4 protein chains.
Amino acid sequence: MDGHSITMLGTGLIGDFYTNTLHSQRGRDRVRVVYSRSPERGAVFRDRWAIPESTTDLAAAVNHPETDVVVIGLPNFLHEEAISLVANAGKAVLCTKPLGRTADEARRMLETVERAGVFAGYLEDLCYTPKSLKAVASVRAGAIGDVTWVRSREAHPGPHSAWFWDGRLTGGGAIIDLGCHCIEIIRNFVGKGNRPLEVLCHTDTLVHPIADEDNAVALIRFESGAIGQFEVSWTFRGGMDLRDEVAGTHGTIWMNHFLRTGFEMFTAGGGSGYVAEKAETSAGWLFPVGDEVSELGYVDMFSDMFRAMDEGREPQETFYDGYVVNAIMDAAYRSAKAHAWAPVELDWRGGETPRIASTPVRYEGQIVIKREVLPDGRQKLILKDPATGDFSDRVVAGS
Amino acid sequence: MDGHSITMLGTGLIGDFYTNTLHSQRGRDRVRVVYSRSPERGAVFRDRWAIPESTTDLAAAVNHPETDVVVIGLPNFLHEEAISLVANAGKAVLCTKPLGRTADEARRMLETVERAGVFAGYLEDLCYTPKSLKAVASVRAGAIGDVTWVRSREAHPGPHSAWFWDGRLTGGGAIIDLGCHCIEIIRNFVGKGNRPLEVLCHTDTLVHPIADEDNAVALIRFESGAIGQFEVSWTFRGGMDLRDEVAGTHGTIWMNHFLRTGFEMFTAGGGSGYVAEKAETSAGWLFPVGDEVSELGYVDMFSDMFRAMDEGREPQETFYDGYVVNAIMDAAYRSAKAHAWAPVELDWRGGETPRIASTPVRYEGQIVIKREVLPDGRQKLILKDPATGDFSDRVVAGS
Amino acid sequence: MDGHSITMLGTGLIGDFYTNTLHSQRGRDRVRVVYSRSPERGAVFRDRWAIPESTTDLAAAVNHPETDVVVIGLPNFLHEEAISLVANAGKAVLCTKPLGRTADEARRMLETVERAGVFAGYLEDLCYTPKSLKAVASVRAGAIGDVTWVRSREAHPGPHSAWFWDGRLTGGGAIIDLGCHCIEIIRNFVGKGNRPLEVLCHTDTLVHPIADEDNAVALIRFESGAIGQFEVSWTFRGGMDLRDEVAGTHGTIWMNHFLRTGFEMFTAGGGSGYVAEKAETSAGWLFPVGDEVSELGYVDMFSDMFRAMDEGREPQETFYDGYVVNAIMDAAYRSAKAHAWAPVELDWRGGETPRIASTPVRYEGQIVIKREVLPDGRQKLILKDPATGDFSDRVVAGS
Amino acid sequence: MDGHSITMLGTGLIGDFYTNTLHSQRGRDRVRVVYSRSPERGAVFRDRWAIPESTTDLAAAVNHPETDVVVIGLPNFLHEEAISLVANAGKAVLCTKPLGRTADEARRMLETVERAGVFAGYLEDLCYTPKSLKAVASVRAGAIGDVTWVRSREAHPGPHSAWFWDGRLTGGGAIIDLGCHCIEIIRNFVGKGNRPLEVLCHTDTLVHPIADEDNAVALIRFESGAIGQFEVSWTFRGGMDLRDEVAGTHGTIWMNHFLRTGFEMFTAGGGSGYVAEKAETSAGWLFPVGDEVSELGYVDMFSDMFRAMDEGREPQETFYDGYVVNAIMDAAYRSAKAHAWAPVELDWRGGETPRIASTPVRYEGQIVIKREVLPDGRQKLILKDPATGDFSDRVVAGS
C-alpha cells in the first residue's frame, strides 16, 4: 500500500493537528520534512512527530526530492507565496483555510494551480466531520426535503497565536478565522451549485482591544431562497462552540461537534493534562471529545485528499471552493462597512438552482394550508379560499 | 386567601392554556364567566373547566358584576375593542400577545388603559418560564458579565387555528405570531432600559401558500452594542423548537424549553393521547415536557400579574413592553420590505445604556489581548504593541 | 376558595422546601404556626416565610386551634411521636419521607392514623415530579407495554444536617435517606399492586468515616417478573444526580430531573448566589433547574394532598405506601448483611399481578423470534423450530 | 509503510465491521483472503470489500501463503478450532468477543496460543472507543480519584443472525453476547489488576420465546471494594443503548456511545438508507452516529493490535483478558442459577489491589464528615465525636 510523502510547512497548532492526523492510527502517508522559520520550533516539531528532517529553508522544503505533496499550514499572508513555489515544483498542494485574505488573492492562487496543472485541495476540515459527511449525504438522499435554512456557529475565547490577532496578516478578525468554516459548511448543505447572491453582516469589537471584529453574525441569501446564517465569536465563554443546524421542508438536523457529544466528566481537580482544544477549565464539569482529530474532520479530510490524488479526481473541497468562501467573506466585510446588504462578487462556475417551491394541494376547490391528524384519527384541514383569501377550519375523515 | 374572579374572553388554545393554569394546583383565582362568539364552543369550554357561566355577549362578559379582572385571549384584531370595553368598566385587564397588530394600535391601547388608570398586564408567557426567570436573575447578578448577544428561536409547523394564517386579522405571519415572544425575551436579557435602535430582517414564504412570511430571521441592534437575534418559522419539522442562548463577556447561557428537557420516551406505538403542544408524531422517539403550563411560563406569569395587582405595583410585563415589541416588529417588517436596516420608531421611556466597554490591561507597556493558563501553571500572554500595532506572544510565571 | 391552615413541624431544609412551595405562586393554603426545638431557628423561619407564629411547644403547635393540617418535617426518630399527637388531635397529617426507621415503626404509625380515622398522606415528592406523573400516566395508557425494568438513581455528596449521618436517629444511611424515594418511584412504574417479593442489596462505606452505608445498589424482584433497581450514594461528585429509566416490552423512558434539564450556564465566576440543591461549584459549567420546587415534585404533591382531603379520597401516596417502602428497605438491609437475597416481609394489601407474558407468533409452524424490516421493504424473520430447537433466518415479502 | 496481510474468517455483520474498518481511511493493512462456509456469501463479501480471494476451505484460508495475521469473526462455537489452526500455522491471531463459551474453553485457547508463542489479541472493540480510551486515561491520571462504581449498559432489540439465539452455539443469551463487552469495560475502569471476587446476577426471559436470558443485570465485587454493574438486554426499544458511568471519590464520568452523541435528525420520511446499527425506525427523531466504526472502537482497536505486533508488545486486550471475562460470565450464570452470590473462579495473574481508603480529617479532636462552603464564604463542618458517635454542625471561617 503505497502512501504519500509530505512536506509540511508550518509548526503551529494546525501543523500539529495535521501531522497528528497523518501519523495516527494505521495511516500510510508520512511527513518527510517540516519547514519552520525557527530552527528551534522545527526541531521540537520534528522530534514530536518522528519526522526525518526539519529545515528553515522554505524552497528547500517545497522542493525536497522525496516528497510529492506539500501541506501548507502557514499564516494566511504566506499562502500565496508558498502556493507559487509548490506549483512551480509541480507537486500536489493542500492549503489550510482560509485560502486567501481576499477573493482577489484566492483567485490568483486558484489560477496559479490551474495553470500549473497540479492537484490542489482546500483543507476545510469542518466540512469533513463524520457527522457533517453523514448529514450532507442524508440531505442529498432527500431525508429533510429542500434545505431552507442553515445555521453554522463557531465561537471560542480567541486564537492561541499572536499573528491571528493582526488583521494585516490574516485579512480580518473572527470572520476570516472562523466564518470561513461556517460558510463552506453552509454551502455543503444548501448545495455547492446554489449561487450565493448577497450577504448581510453585522460586526463588532466588544471585548478585545483590537482593530478587527471579535464578533460577527451574517445572513447569506442563496439563489434557491435558502438562507445561510453564520455566527462567529472570539469572546465566547465555556470552550469551543461548534454547532450546525439545518432546516428543511421535511426535516431538521442538529449537530454538536464539540461541547456536547455524549462525554461528560466532573472532576474536583487533582488530575492533570489536556482536556480539549479551547477548554477553559480543568475542574468542575468538563466536556471532552473522544478522538479530536476524527471529530473535527481531519481524518476524513486527508483521506479524501489522498484518495482523490490516487484516483485522479477532484477532492470534495477545492481551491475554487476556497475562492467562493473568500468572495462571501469579502461581501460580509463590505456589508458590515456599508451597513447594508452587499452582493457577492465572483466568477460563478456553479450553474443555476431553482427556487424552493411546492404545488399547493386543493380540497374541494380550497387551498390546503395545513393538515393535522386529530387524536381520533380524523384530519383537521386549514383551508384558504382562493377567491376571497379567507381562511377556515374543516375536520374531515382520516385518509 | 382572597383570589380574583375573572372574565375570560376567548375559547381557543390560548384560553385553554390560561384557564388550565388558573384552575390547576391550589390556585385561588377562578374564571367566573367565559365569552365566546359561538354558544357551542362557550358551553364546551365552560364544562371543561367548571366555569359557572358562558356567554356570547362580549360587553356582558366584560361587565359581569362579580369579576374584577378581564383576560383577553381573542384574535389580534379584536384586542383594541376589548381593551376599550374593559377600561370603561374600570377593571384590570390582562391581554395576550402580541398586544397590537402594529405599534400604532398598541400605543392606542396603552393610552386607553393609562387614561382609565386600570391595571394592565401583557401576557408574554415565555418571559416567565422558570428557566428564563432564573437566567435573567443570574444575568442581573453578574453571572455572565455584560450581555453581548441573545438568540431567541421559536419554530414549529404552523398554528392550529385558521385566523392565525390571515395577516389581515393578525398583522403579519410568523413574526407577529412568534417573533413577539423572542423580542421580549431578548429585551429581558439585554435589559429593558437598553434602547432598540434598528432592525435588519429577512422574511420569506417558502412552504405554505399564504401571503405572509412563514420564515423570518432578524437582528436587533441595542444601544449598548448588544445584538438580539430572532429566528421564527412556521415550517420547522420535529415539534416546537423553543430555545434561547445568551452570550456575555464572562459567561454563556443555553436554554431549551421544550424539545430537550430531560424527558425522553420511545414508543413502538399502541399507547394513546396528547404528547405535547405541536408534537408531530405519537410513535418513535418523543420528547414530552413535564408540566407544560409551568415550563411555558403560564404559572409564573399569572402569579406575577395577580401579585402585582395585590401589591399595587407594575407587573414584569406591561402594556408599554407590548408596545415596544410591536415597534420592533414594525421595524422588522419595514426592514424586510426595504431590504435594509430600519430604525425602531418609538416613544422611548427607558433612559440610556452605556456602550459595552472594558479598560485594556497593560503588561510592561503592552496591551494584553488574551491570557491563557498553560498546563505547567505559567501564563501565556498575547500582547499588542500600542505604537506599532504588532502582536506577540509572551510566556510568564503564573499569578 | 377556601384553603387549609397548617401547622409546620420542623425548620430544616425540608421545612423550607415545603413552606416555600405552599406559599409560592397563588397557593391558597398557608402555614399558620411553625414548631422548632430552637426558639431562634423558629423565629428566623417564621420571618422568612411570613408565618404568624412560631413555638417550641410541640403539643401546642399540633393542637393549635386554627390549623386543620399538620405537616411533619422532623427527623425520622421523631415521626412516631408526632403522628400520635396529630392523630389524637383528630387532624389531617402529612409526614415526610421515610415514614419510619423500620417497617415495624411504619406499621405502628399506619395503625395509629387508621385507628384515629384521620387523613394521612406520605410526602414522597419525587413520585410527584411533573415528568414522573406524565411518564406514569403514559405507562398506564400502554405507551411502553409491560414494564420489565426500572432504574431509579439518587446520588449526591451527602446531607447538609448532622442528624442525617447518625443511623441511630434515622434508621440507616444512604438507603434510608435516598433509597426510599427510588423504591416508591419504582413501585409507581411497575404498579403498586405488583408485590415486591425479594431484594438483593450490596452496601458499602467507601468515603465518609461513618458507621452506615454511603453507597448501595439493590435489585427488587416483583411478582410480575419486573426488576426494580436502585442506586444511592452519598459520595457522588458533580451535584445531585436524579435519574429514572424505565424499560417496557414496547418502549423506553429516560428522565433526568436535575442535572440535565435543558438549562446550561457557564460562568467565569463573579456572580453570586444559590445555584441549586447540592450544587458543588459556582463557576464553570453549571446546570440549574428552572422552578426547583416544581421540578422536584413538591407543587404537585401538595396539590394532590389537599385535593384528596377536599374530595374525601386517598392521596396518591399513602401511609400504607410508606410502610411498603420501609418493608423493602428492611429487606435491603437484611440482604446486605446476609450477603444473599432476602424476602420482603409485609402485610400485603395489593392483590396479585400476573407474570409478564406474550404468546409466541408462528410462521409456517416455526416460532417467530424476531422480525426486522429490511431496507428494500421485505422482512427478515428469525425462526425457531419447536421440535429441534434449531434457529434459522428467512426473508419474506413485507406485510 | 509496510502493513499486514490478513485472512478474514467469517462474513457476518462483524466481518463487515472489521473489514470496513481495515479498508477505510488511509489504512495500510488489507484483507487478502476471506473464508465463508457458503461460496455465495464469500463471493459477495469479497466483491463488497475488494478482497482478492474467497474460499470455503478453512485450513486453506488460515494457511494462505501471503497472510501473516488471521482475524476470527466466526460464531462462538467455532473459535477454539480456528485458533488451533492459526496457532499451528504460527500466525498472529485476533479473535472476536467473547473468546469462549465458557472459561474452560477460553483457558484452552489461551494455552494454545501461549504454547505456540504466537501473537494473540482479543477483539473487544468497546474498550477501544475514543471516549473510553480518553476516559480511562483520565482515571489513571487521577481525575476522579478512586473508582468506586462502574455501570456499563448495552441493550438493543436482539441480534440479527439466527445462531446468536441458540445458546448451544454461543454459550448463553444476552450475557454472552453483550455482557462480555460490559465486563471488560468495567475492568478497564476499576483496573485490570483489581481482582473480581464474586458476582450476583439476575436473569430472565421476558419477551422472546427462547431458552436463554433476554435480560440480565449483575453486580461484580472487586478486591478494592469497587462495584461493577452490568445491564444487558435483548428487549430494549429505541435503538442500541450503549452507556457507561463511572463514579470516583473525586469525580464522575458519563459516556453515551450511540444514541445521544450530538447528532439529531428529524425526518418526515421520504429519504432512504441505513441509519445506524440496530436503529428501529427511519422516520421521526433519529440519532445517527458520525463515523460508526470509529465511535464503536474498531479503528483504535485494530491500530493497537497491529502496532503491538509491530512493536513486539502485548495489545491492550489479550486472550488472558478474554479468559477473565469468561470466568466472570461463568460466575454470573452460576449466580443466576443458584439465586446467590457466586465466587469468580480463575487463575489470577493480576496481583493485589488495596481497599479504597482515606484517612479521616480531624477538627479540634472531632472527625470531619463533610465540609461545605456557605454563600458568605464560611465553611459548615459536619463533625462526629469519636467517643460518643454523636454528630454535630459547626460553622467556621473559610480557609
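Bear in mind that the values here come from a model prediction, so they are computed numbers and not experimental data.
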Q: Not counting sequence neighbours, which residues clear side-chain contact (heavy atoms from CB on, under 4.5 Å) with D/Pro360? List them please.
A: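 Counting only residues at least two positions away or on another chain, D/Pro360 forms a side-chain contact (heavy atoms from CB on, under 4.5 Å) with C/Pro209, D/Ile367.
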Q: Only pairs of heavy atoms separated by less than 4.5 Å count here; which of A/Thr252, A/Asp291, A/Val246 has the most with chain D?
A: A/Thr252
Q: Return the option, out of A/Ser294, A/Gly290, A/Ala283, A/Gly251, with the maximum number of heavy-atom pairs under 4.5 Å with chain D.
A: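 So the answer, after comparing A/Ser294, A/Gly290, A/Ala283, A/Gly251, is A/Gly290.
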Q: Below 4.5 Å from any heavy atom of chain A, which atoms of D/Arg307 appear? Answer side chain, backbone, both or neither.
A: both
Q: Looking at D/His250, D/Glu264, D/Lys131, which makes the most heavy-atom pairs under 4.5 Å with chain A?
A: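 Most heavy-atom pairs under 4.5 Å with chain A: D/Lys131.
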Q: With distance as the sole test, does A/Thr267 use its side chain to make a donor-acceptor pair with the main-chain N or O of D/Ala143 at under 3.5 Å?
A: yes
Q: How would you list, by chain and number, every residue that makes a side chain to side chain donor-acceptor pair (under 3.5 Å) with D/Ser24, sequence neighbours excluded?
A: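 With neighbours one apart ignored, the set is empty.
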Q: Answer whether the closest heavy-atom distance between the side chains of A/Phe258 and A/His156 falls below 4.5 Å.
A: no
Q: So what's closer than 4.5 Å to chain A heavy atoms on D/Asp304: side chain, backbone, both or neither?
A: neither
Q: Which residue, D/His181, D/Arg153, D/His257, forms the side-chain hydrogen bond (donor to acceptor under 3.5 Å, both in side chains) with D/Asp244?
A: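 So, applying the side-chain hydrogen bond (donor to acceptor under 3.5 Å, both in side chains) to D/Asp244 and each of D/His181, D/Arg153, D/His257, only D/His257 qualifies.
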Q: Measure D/Thr261 against the heavy atoms of chain A and call it side chain, backbone, both or neither at under 4.5 Å.
A: both
Q: A/Asp68 side chain to A/Ser5 main-chain N or O, any donor-acceptor pair under 3.5 Å?
A: yes
Q: Report the option among A/Arg243, A/Glu245, A/Arg140, A/Met255 that has the most heavy-atom pairs separated by less than 4.5 Å from atoms of chain D.
A: A/Met255
Q: Check whether D/Glu295 gets within reach of chain A through its side chain, its backbone, both or neither, counting any heavy atom under 4.5 Å.
A: side chain
Q: Between D/Tyr128 and D/Glu317, is there a donor-acceptor pair closer than 3.5 Å when you use the side chain of the first and the backbone of the second?
A: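 Here the side-chain-to-backbone pair exists.
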Q: Pick one of side chain, backbone, both or neither for D/Ala135, based on which atoms fall under 4.5 Å of a heavy atom in chain A.
A: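 For D/Ala135, heavy atoms of backbone and side chain both lie under 4.5 Å from chain A.
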